[in-house]
Novice: 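Quick one: this structure, given as structure tokens, is what I'll be asking you about.
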Amino acid sequence: MTIIKNQSLKAYNTFGIDVNAELFATWNSVQDVIDFTQNPELKSKTRLVLGGGSNMLLTKDFEGLVIKNNILGRELVSKNENEVILKIGGGEVWHEVVLWSIAQGWNGMENMSLIPGSMGAAPIQNIGAYGRELKDIFVSLEAVHIETGEVKTFDLEACAFGYRESVFKNIYKGQYVIVSVTIRLTKTGDFNTSYGSIGVELEKAGVKKLTAKAISDAVITIRQSKLPDPVKLGNSGSFFKNPIIPAALYDELKFEHHGLPAYPAEEGFMKVPAGWLIDQAGWKGKRVGKCGVHTKQALVLVNYGGATGQEIFQLSERIIADVIQKYGIELEREVNIF
Ligand code: EPU
């Protein structure tokens with residue numbers, strides 16, 4: 001493990017925030033992670049493990065060690081006539097694995113095309129889009145315990161996946177490094193096109209026979225029309241979570257605010273689109289200095305170039321305060337703040 005001093009993190013976070021890491025290193029193998037756990041000096045440093053850097057906002061220089069998980073590998077564990085089991089390295093880029101799996105004729109990842117980030121980061125918040133979540137294809141993952149170096153396997157139940165949630169965001173926060181994720185993909189149909197705009201997009205494209213490729217193309221078209229490309233415009237996807245509120249509160253709110261959309265969540269609760277609340281509160285497309293709210297999707301905050309993490313954080317504070325004032329709903333950030 002080579003340690004670099006005073007490394008800019010600009011290229012390592014999709015917001016494109018230019019802060020420095022005091023120390024920077026890369027893990028290229030599971031052994032690198034285990035070696036790290038046996039090094040008391042390195043372990044004593046404050047640390048931040050990076051995947052694709054696509055779900056974080058860096059608000060200051062990082063006084064400590066930043067480590068990029070770069071563990072690669074795509075292993076075919078087993079297959080039969082209906083399905084394949086694949087073990088994917090935690091450092092693999094999610095979307096590259098999606099495209100590769102589709103090219104092999106395997107289904108299951110297509111709805112989650114173009115989600116930025118890495119394979120190892122995907123379970124942390126159970127990433128999802130267009131009616132599918134990581135948990136739908138998940139078999140297990142391998143993680144190294146940072147303190148002991150023990151390699152542990154977590155099955156579906158042990159991960160306790162929820163909406164943008166898992167044990168790795170809660171009880172085990174910061175304790176494990178996810179070194180591989182094992183997924184199950186199918187060779188036959190079982191497509192999910194129920195999410196509104198996918199059907200419309202497939203029709204527009206004149207798709208007659210449903211395939212993973214056709215769905216992936218539709219999802220890519222939809223995402224590109226709403227979500228900015230981080231290479232061109234720094235962003236972290238959805239900045240806020242969609243709030244889940246008691247159904248009784250929703251019934252009250254919909255009287256006052258006509259057209260407030262909602263989707264059923266767990267028993268007695270409704271999920272309200274944060275994008276709608278922020279949009280209706282007048283923030284969509286608003287620019288504040290070098291950052292702002294995306295013109296095509298109010299859930300996404302963008303860096304027009306040269307914004308600091310602090311500026312983007314302050315903008316998010318103003319949005320949260322305004323939405324509380326107008327709707328009595330407290331938005332929660334989806335991105336991690338450092
Ligand atoms: N809406 C507006 N104005 C906006 C944006 C949204 O009124 O500017 C309303 C519309 O009524 C729309 C509804 O909000 O029908 C929902 O919007 P959309 O379908 O764009 O999805 P979302 O709820 O905003 C979620 C995920 C996305 C994921 C999409 C598609 C969260 C926080 N976000 O967004 O995930 O791609 O669904 O499945 O759950 C991400 O996590 O980074 C991300 C992009």
Side-chain angles (χ1 to χ4, degrees), residues 13-15 51-57 94-95 98 109-118 121-136 161-166 169 192-201 215-216 218-230 233-245 250 253-254 257-265 269-286 292-302 316 319-320 322-323 326-327 329-336:
N13 72 100
T14 58
F15 254 125
S54 59
N55 203 42
M56 59 192 295
L57 179 65
W94 173 269
H95 182 59
V98 174
M109 302 183 87
E110 57 281 351
N111 294 45
M112 297 180 276
S113 297
L114 216 59
I115 297 184
S118 66
I124 297 177
Q125 62 154 348
N126 180 29
I127 62 168
Y130 303 102
R132 284 273 195 252
E133 291 176 323
L134 171 79
K135 79 167 164 46
D136 302 328
F161 290 126
Y163 167 58
R164 299 293 195 270
E165 285 295 347
S166 79
K169 252 181 114 168
N192 179 356
T193 57
S194 59
Y195 195 95
S197 38
I198 294 191
V200 176
E201 200 51 53
I215 295 173
S216 170
V219 167
I220 290 173
T221 306
I222 299 166
R223 287 187 76 100
Q224 283 178 340
S225 72
K226 288 203 250 184
L227 300 169
D229 177 356
L233 193 60
N235 76 92
S236 226
S238 298
F239 195 90
F240 301 98
K241 287 190 190 186
N242 286 329
I244 294 171
I245 62 170
Y250 173 69
L253 283 171
K254 80 175 176 204
H257 306 285
H258 289 291
L260 172 64
Y263 313 97
F269 289 86
M270 299 293 276
K271 193 197 264 185
V272 176
W276 190 93
L277 299 170
I278 299 166
D279 186 348
Q280 294 296 311
W283 285 96
K284 191 171 183 171
K286 209 171 238 186
V293 180
H294 188 44
T295 48
K296 294 179 192 152
Q297 164 60 287
L299 200 47
V300 178
L301 301 190
V302 294
S316 72
I319 293 170
I320 291 171
D322 198 30
V323 168
K326 292 196 165 101
Y327 302 96
I329 297 175
E330 183 168 4
L331 294 180
E332 212 182 297
R333 293 179 185 86
E334 196 206 87
V335 301
N336 299 301

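All ligand and atom numbering here is 1-based and tracks the order in the structure. Heavy atoms only: backbone and side chains are in, while hydrogens, waters and symmetry mates are out.
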Novice: Considering all heavy atoms of both residues, which atom of Gln297 and which atom of Gly275 are nearest to each other, and what is their separation?
Specialist: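 Scanning both residues, the minimum pair turns out to be OE1-CA, 4.2 Å.
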
Novice: Considering only heavy atoms, which of Asn111, Ile222, Leu299, Asp279 lies nearest to atom 22 (P) of ligand 1?
Specialist: Leu299

Novice: Has the side chain of Lys326 got a donor or acceptor atom that lies under 3.5 Å from a matching backbone atom of Leu277?
Specialist: no

Novice: List every atom of ligand 1 that sits less than 4.0 Å from any heavy atom of Lys284, numbering the atoms from 1 in the order shown and giving each element.
Specialist: 3 (N), 4 (C), 8 (O)

Novice: For atom 25 (C) of ligand 1, which candidate among Leu277, Leu260, Leu114, Asn242 provides the closest heavy atom?
Specialist: Asn242

Novice: What atoms in ligand 1 come closer than 4.0 Å to a heavy atom of Gly275?
Specialist: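 Under 4.0 Å from Gly275, ligand 1 has these atoms: 1 (N), 2 (C), 3 (N), 4 (C), 5 (C), 6 (C), 8 (O).
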
Novice: Please work out whether the ring planes of Tyr195 and Tyr130 are parallel, tilted or perpendicular, with thresholds of 30° and 60°.
Specialist: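 It falls in the perpendicular class, over 60°.
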
Novice: Could you identify the single nearest non-hydrogen protein atom to atom 40 (C) of ligand 1 and state the distance to 0.1 Å?
Specialist: Ser238 OG, 3.1 Å

Novice: Roughly how far, to the nearest 0.5 Å, is the OG1 atom of Thr14 from the CG atom of Leu233?
Specialist: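 Reported value, rounded in 0.5 Å steps: 11.0 Å.
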
Novice: In Å, rounded to the nearest 0.5 Å, how long is the span from CD1 of Ile329 to CD1 of Ile320?
Specialist: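 Result: 13.0 Å between the selected atoms.
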
Novice: Side chain to side chain contact (heavy atoms under 4.5 Å, CB included), that's the test. Do Ile198 and Asn111 meet it? Break it down for me.
Specialist: CA-CA 9 Å; Ile198 294 191; Asn111 294 45; 3.9 Å; yes

Novice: Of all the atoms in ligand 1, which lie at a distance below 4.0 Å from a heavy atom belonging to Phe240?
Specialist: 32 (C)

Novice: So, is Lys296 polar-close to ligand 1, with some N/O to N/O distance under 3.5 Å?
Specialist: no

Novice: With distance as the sole test, does Ser236 use its side chain to make a donor-acceptor pair with the main-chain N or O of Ser54 at under 3.5 Å?
Specialist: yes

Novice: As an exercise, state the distance from CD of Gln125 to CD of Glu165, rounded to the nearest 0.5 Å.
Specialist: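 Gln125 CD to Glu165 CD: 8.5 Å, rounded to 0.5 Å.
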
Novice: Identify the protein heavy atom lying closest to atom 8 (O) of ligand 1, giving its residue, its atom name and the separation to 0.1 Å.
Specialist: Ala298 N, 2.8 Å

Novice: Determine if the distance from atom 43 (C) of ligand 1 to the closest protein heavy atom is below 4.0 Å.
Specialist: yes

Novice: Where do Leu114 and Leu227 land on the side chain to side chain contact (heavy atoms under 4.5 Å, CB included) test, with the steps shown first?
Specialist: CA-CA 10 Å; Leu114 216 59; Leu227 300 169; over 6 Å; no

Novice: Give the residue, atom name and distance (to 0.1 Å) of the protein heavy atom nearest atom 14 (O) of ligand 1.
Specialist: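 The closest one turns out to be Pro273 CB, 3.1 Å.
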
Novice: Give me the nearest non-hydrogen protein atom to atom 6 (C) of ligand 1 as residue plus atom name, then the distance to 0.1 Å.
Specialist: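 Minimum-distance protein heavy atom for atom 6 (C) of ligand 1 reads Gln297 OE1, 3.6 Å.
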
Novice: Should you measure from each heavy atom of Gly237, which atoms of ligand 1 turn up under 4.0 Å away?
Specialist: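 Checking each atom against Gly237, I get 42 (O).
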
Novice: What protein heavy atom lies closest to atom 11 (O) of ligand 1? Include the residue and the distance to one decimal.
Specialist: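 The answer is Pro261 CG, 3.7 Å.
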
Novice: Provide, to 0.1 Å, the distance between atom 15 (O) of ligand 1 and the closest protein heavy atom, together with that atom's residue and name.
Specialist: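 Going by distance alone, atom 15 (O) of ligand 1 is nearest to Tyr263 OH, 3.8 Å.
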
Novice: Between the side chains of Arg223 and Glu201, is the shortest nitrogen-to-carboxylate-oxygen separation below 4.0 Å, so that they form an ion pair?
Specialist: no

Novice: Side-chain contact, heavy-atom cut-off 4.5 Å: Val323 with Phe240?
Specialist: no

Novice: Taking only heavy atoms of Tyr163 into account, list the atoms of ligand 1 that are under 4.0 Å away from them.
Specialist: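 Once the distances to Tyr163 are compared, the set is 31 (C), 32 (C), 39 (O).
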
Novice: Pull out every atom of ligand 1 sitting under 4.0 Å from any heavy atom of Ala129, numbered as shown with elements.
Specialist: 36 (O), 38 (O)

Novice: Please state which protein non-hydrogen atom is closest to atom 20 (O) of ligand 1 and give its distance, to 0.1 Å?
Specialist: Lys226 NZ, 2.8 Å

Novice: Could you check atom 19 (O) of ligand 1 against the protein and tell me its nearest heavy-atom contact, residue, atom and distance included?
Specialist: Tyr195 OH, 2.8 Å

Novice: With a 4.0 Å cut-off on heavy atoms, is Phe239 touching ligand 1?
Specialist: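 The answer is no, since Phe239 has no heavy atom less than 4.0 Å from ligand 1.
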
Novice: Does Arg164 have a heavy atom less than 4.0 Å from any atom of ligand 1?
Specialist: yes

Novice: Tell me if a side-chain donor or acceptor on His294 pairs with a main-chain N or O of Gly237 at a distance below 3.5 Å.
Specialist: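 Pair absent, no side-chain N/O of His294 close to backbone of Gly237.
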
Novice: Side chain of Asn126, backbone of Phe161: donor and acceptor closer than 3.5 Å?
Specialist: no

Novice: Tell me whether Arg223 reaches ligand 1 (any heavy atom closer than 4.0 angstrom to a ligand atom).
Specialist: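 The answer is yes, since Arg223 has a heavy atom less than 4.0 Å from ligand 1.
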
